[in-house]
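Presented below is the structure to which this report refers.
A quick note: this is a predicted structure, and the numbers were derived from the prediction, not measured. Just so we're on the same page: letters track the sequence lines, and every chain starts at 1.
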Amino acid sequence: MLGYILRRILAVIPVMLLVAVFVFLLLRLTPGDPAAIIAGDMATPAQLERIREAMGLNQPLHIQFVTWLGRLMQGDLGVSLISNTPVSAMIADRMGPTFAIAILTILMSVAMAVPMGVLAAWKHRSGADYAVMTFSVLGFSVPVFVIGYLFILIFSLKLGWFPVQGYTPVGSGLGAFLSNAFLPALTLSTIYIALIARMTRANMLEVLGEDYIRTARAKGAPERTVLFRHALKNAAVPILTVIGSGFALLIGGVVVTETVFNIPGIGRLTVDAILARDYPVIQAMILLTSFLYVLVNLLIDLSYSFFDPRIRY
Amino acid sequence: MFNRLTATLLASTMLAGTAWAETTVKAVMHSGLRVLDPVITTAHITRNHAYMIYDVLIAQDSQFQPQPQMADWAVSDDQLTYTFTLRDGLTFHDGTPVTAADAVASLKRWGQKDAGGQVIMDRTASLEATDDKTITWTLTEPFVPMLDMLSKQSALPPFIMPARVAETSADEAITDYTGSGPFRFVEEEFQPGLTVVYEKFDEYVPRDEPADWMAGGKVVNVDRVEWVNMPDIQTAVNALSGGEIDYIEQMQVDLLPLLEGDPNIVVEKREPTGMQTMVRMNFLHPPFDNQQIRQAALKAIQQEPVLAAMVGNPEYYQVCGAIMGCGTPLGSEVGTETLTQGGGVEEAKALLEEAGYDGTPVVLMAPTDMVALATQPVVVSQALREAGFTVDLQPMDWQTLVTRRASQAAPAEGGWNIFITNWMVPEISNPISNPMLNGRGDDAWFGWPTDEKVEELKENFIDATDAEAQKAVAEEIQAHAIDNGLLIPLGQYTLPQARRAGITDMINSPVPVFWNLQKAE
Amino acid sequence: MSPIPPPTSAMQPVLRALRLPQFGWGSKIAALVLAVIVVLTLLAQWIAPHDPLTMNPLARLKGPIEGHPLGTDNFGRDIFSRVLIGGQLSLIIGIATAVVSVLIGLVIGMVAGFFRTADAIIMRMMDALMAIPSILLAIALVALNGPSVGSVIAAITIPEIPRVVRLVRAVVLAAREEPYVEAAIALGTSMPKILVRHLVPNTLAPLIVQGTYILASAILTEAILSFLGAGVSTETPTWGNIMAEGRMFFRIKPELILYPGLALSLCILSINLLGDAARDMLDPRLKKRAG
Amino acid sequence: MLFKTRNFDAAPVALQARNLTVSLPETPGNPQVLKSIDVTIRQGETVCLVGESGSGKSVTSLAIMGLLPEALKVASGTIALQGRDLLPLSQAQMRELRAARVAMIFQEPMTALNPVLRIGDQIMEVMELHTDLPLAERRRRALAIMEQVHLPDVDRIFRSYPHQLSGGQRQRIMIAMALVLEPVLLIADEPTTALDVTTQKQILSLIDELQQKHGTAVLFITHDMGVVAEIADTVYVMKHGEIVEHGPVETLLRHPRADYTRKLLSAVPSLSPRDARVVADDTVLRVEALNKVYGGGGILKSLPQAHAAKDVAFTLSRGRTLGIVGESGSGKSTVARCIMRLIDPTSGRIMLDGTDIADLSRRALRPHRQKLQVVFQDPMRSLNPRWTIAESLIEGPLNYGTPRREALAEAARLMGVVGLPEDALARYPHQFSGGQRQRIAIARAVMMRPDVLVADEAVSALDVSVQAQVLDLLDQLQRDLGIAIVFITHDLRVAAQICDEVIVMSRGAVVEHGPAAEVLAAPAHAYTRALIDAAPGRFWDFHNFRELPKVTHAQPA
């Protein structure tokens, strides 16, 4: 087990290294001169050259990469070109809200999607099945910002149940946190629920056709026991996998919902950084989100053995 | 790296929000604050930030007249020596007193960067602190607009910083945000592009006169001001309706109906002059290296559709052909009839024919992420096409435009032909500081016109001794600038501000400021 | 000896998937809706009452009025015409993304599935590409390369490729264990020929299904890119940028989001439903249970 | 005593199905899957339900359990358990009966247990569902029944997960689970089909033992006549949803009345070896010291190695058949795949017509490929489903430069040889039955005019009647073309019928090697003996409806 974990962690290294290369090349091989941005409205060519020199932008690409990677290894993510603040501080500052809302989203999604998927699989080809499937296809079909606007319109403006925007940390009280975080999480959930419900349904359908389900029924087990005790645990691994791979989707959704609900998270930080060509921030953010993705999926892989005793490392 | 992040991440998720001070004003500003050094950028948000935490020597009142702020002044009879005397009680936020040496260092740094400042520096014999309270500035020749330049609100007012900060190279951003203004910058709570927090600076001693635009006593009546950036104006409107914020600096006029009828909300124009939006062409490359074709472009465009698409409600825009702004002392609308009334398309077609325009595509840069600049290019490109231009409308984000407009390369090789920009009317109301009227080729503003005539006219303006004479020269400049196509004015507009009714006594200056205002609980 | 049924076509599984009468009523409606949308957008040039770019800023944000059945947008352009024409580019972006990512993914996936040496390297690269959140990658690509149709397609395509590669590789790995592939080896069939003649056809069915999902998600991604300010120019309307532009006026004139949103959602919904139906049809595991 | 001869006429009826008809109401034409069948099972009796695939055996058992798939509906008839009709019962009432009164065990022990629940919990669940016993008592009873099914180390197995047990152990668990509540009726649906013969023998005797101990009625579903001969009291023969014949086992095997029964019985290959053919001195394949080792290596720690084939050696002459016999995991398929070079041997020589092909590169191997052809087990998967039969058949010849027209003509001719109409060439595999596909696969191999044909369990997936036809075909081809055959099988009957020589493998090693008649009639090695002992019904000559003339070796069953 330990050896396996070690090997898996080691396997993260080449992936992250490749991500680093991608990110670096992506930013360096595309137009947009960070020096021009720093120099501002009134810069002269000589000033530009000085800034390029100072930033090391004149050196060959591979030297720049090695330098950058070296700093990265020491935990130095650099300093924002625009605001001059250390990137790690900026990220640390903005991670809380994103993190909290992402967790809430995952919890809400799983709590809603898994029962939906189980129901749909159990009542295969029934009205309930079609309802769940239609809902989950709808979740993929409506842009998340449209959903966000609709929720604001209905729940905040018409019904007045939630504030329209903003963020309160969990520390200020769960109620306060939830009143701000519920709508964004619900918005984000739609696509996640769609994904998980579909996956749950598909896998439950498959599992429900397995011999041991027949065995359970032959034992006289009631349907509830068959579904939740025998089937669901067997369907858990692919459901977990989709939660992990859906994490990338979640990050995409976060970018949009943070804009719609004005949440000071890393999604907006990234979009702002990209639009402002704030290279150190872009690099750090893409690396970080990729790392989180890899990490989440690693944790999920490792958790498989909890659900399926056949998986031992 | 990630360990540290994870730790802070957990901490910031769990930590309680900061306890509110007694009165907090939450304001949504027009843009997120990212750059904190008011000398290296002309961004308005940075200037607004600087007005919060720094003070200025002299300031402009609502009559555009310079008034004492940190200092009184005296001018020698030969108009060559200006003496500024700091008033008592001025303290930096770190507790040290403000000295003349601080002011001199700040003025010198400013003089390297600001267009007006550079003109003054060109004529400066000496600038020094003669004692702790006295600054003596000696010129080589008289310079009439001296006090106007020093008291201007935009684009780069000379803010006074501690000498140690002002000694930073003008090419580098400052990292120490100690000011002497009425508010203190709370660095720990700063989130670039997102939130800026200011607290009342208790040791600040306001002047005794009532506040009048940037001049007068800056009396702070609230404990804390938070600037929040909201990327979506609708969110801000929703938040204002819900009482989650107190103030929106720039309202999208189209959204005003949403706030109408809400007794808790006041929508108003903050200041009378507003902004001017205008077209800039690139003089270096075809087809706009040809005066006739520049003229054709000017004739092709009519202001009203541009303004309508941009603002919507005519109450908030004004068709105006004056390159120095309508409603300013020097505003003249000579030569802009087709812009203001239309009907120039046929003339434009004729001019194009005459100039032998060969269909060279015109690269028009269109920023998509700047609300105030997003619609004009679309309408302008349509108008140019109707007159016979081939237009290549290239959408891009604002930062790309910023990078690209600095390129003198041919349009096909990463350069450009035309883009649209906005200036605050006070920034362009004077031909000396109006960046569009700089005709010094490579040293001119983007577009790089080489126009000796306009430079000559500006010399005449500096030499003009009274307002009448100035106005006469200004009219000549207007006629020439329009004829040569230095810019195509697209009209003036004001984006109203919206506030909760509980926020009162705001100063209606072009720069939004937070002293003087009261917040009722 | 039992009688042998008459011969059928080589495209058996595909045809079976496309034979609509086997679908449920949901899929039939979906096919109908999709057909209507496609026909309307194809004929948009002739149906649309106005040029989608002709503006009249003085008659902007008007409700349904004479000549403008859905009203006008903030430039005074006809919303109905824009939604019709906008479908064209949205569909083109969707189809192009689906086709390009499937083709590239097919080639890379084949190589990875068949050549063990290349496999490790290719799959690590795909892992890395997958780890980068696709929206961020797409925004970055568009922001850095300029928001042309080409770069939008490229930006949406690149993140989809690893998913296709994984799919193709999995199919190839499974198929190369099939006895008929081993039989082909025994028959002296060369590797490239086995790849093309035996394995590629196996990937066809799952790729068609995957292609529909990519098609749907590309149309959606385009809308999100536009929303975030990294989409195609407003001069070439797409459902995405019509909505992105209209979002400012959501509360004033919800039609600007509503109609393109409805067209977009209906279109994606139909494509997804058809994709699901095709998958149910093509997935032998599900079929087994249906019997 | 050859057969069970108990008489149950006096015993109370445990289960009686009358006029049971099951149909597919949603399929056009409402086809009937079971056509008005009658089955009676008495207490303590073992009733065997035999038939080929698709005869409706399993549907019968599922109908009794009330577990029919949704598409199937009981159209008419009654199923009475101890006189109480089950069909009108609600789902909840049926649930109470399952496991408590009627229990069932299934064919596939590998998949019939829930892989994510512990064995003990799965056994105790039965009691949890049907009794109020406290946990300690449930546990005690679970352990007790596990002892009864002769599981070793019950405490450990109680805590284990299914994947940690062998197939035989899992089937014992299934039996334990089925019998823990002492049901009236045990339905066993092909419970030993997926097991090796030696394990099968143990399970069969276990069922028998428990049945006697508890007096349970057993409905035993199987397609294997050997098993029937071994365990049945009464036999029902099914075909296409109908019961064609039933009666006491001995009567049925000795004097079958229905044609179908006769046909079925005749198709069962005899365990007595065929007459060995003349040894030609024409060696086409010689394998020397063949080894295949899997695993090893690994980056951080060396992975466990598996020696799948140890020093295997044999020679094969033209026109003869070599059988490689063994249970699962014995390494017989590994040897076949090594010879085919579908996998690379670790060491050893494979001399094909005098050339060692063991180490040849793919390219160098190509010219030799055509001499060596293969037929696989699974007829459903051995043909590309997207290709017409013609395309599949000419693939090989085209590879070696035969003109298309010629190849097609040869394909058409071969269709006749394998007994398919010529127009079959234009069709697709899914339009054929399993047996037909296997003929096509054989034709495809023969198209290459191979010297050696490797048949890897080539008839194992087929029903006996079809199996007999395919074996005949192979025999005929061998006679006509002089092909040498390496025949891999786990089925001693099949080996006896077609092999000249036999290799018996166990755990990768060859334990016995010799002429089929010697090895099967007088096995020298204990393992071979055990294997033969375990073959069910080995005393009976089904083909001739009588006992085998002589007992071939020492210990009778």
Subject >> Donor-acceptor under 3.5 Å (T134(A) side chain, Y130(A) main chain) >> reply: yes
I'd like a table of donor-acceptor pairs (distance under 3.5 Å, sequence neighbours excluded) in which one partner is a side-chain atom from residues 189-196 of chain A, with atom names and distances.
unit_1	atom_1	unit_2	atom_2	d
S189(A)	OG	A185(A)	O	2.6
T190(A)	OG1	T187(A)	O	2.7
Y192(A)	OH	I243(A)	O	2.6

Under 4.5 Å to a heavy atom of chain A? For M94(D) that would be neither
- prompt: Quick one: does E190(D)'s side chain have a donor or acceptor within less than 3.5 Å of a partner on Q107(D)'s backbone?
  reply: no
Could you go through residues 99-107 of chain A and list every donor-acceptor pair under 3.5 Å that involves a side-chain atom there, pairing it with any protein atom two or more places apart or in another chain?
unit_1	atom_1	unit_2	atom_2	d
T105(A)	OG1	I101(A)	O	2.6

Discussion item. Quick check against the 3.5 Å criterion: does D189(D) have a side-chain atom that pairs as donor or acceptor with the backbone of S58(D)?
Written reply: no
Within residues 111-124 of chain D, the residues sitting under 4.5 Å from chain A by heavy atom, in sequence order, are T111(D), A112(D), L113(D), N114(D), P115(D), V116(D), L117(D), D121(D), Q122(D)
Residues at least two apart in sequence or cross-chain that pass side-chain contact (heavy atoms from CB on, under 4.5 Å) with A121(A), listed by chain then number, are R201(A), M204(A), L205(A), L208(A)
* Stepwise, does the salt bridge (Lys or Arg N to Asp or Glu O under 4.0 Å) test hold for R101(D) with E96(D)? -> CA-CA 8 Å; R101(D) 311 284 294 283; E96(D) 276 172 36; over 6 Å; no
Honestly, the part of M174(D) sitting under 4.5 Å from a heavy atom of chain A is side chain
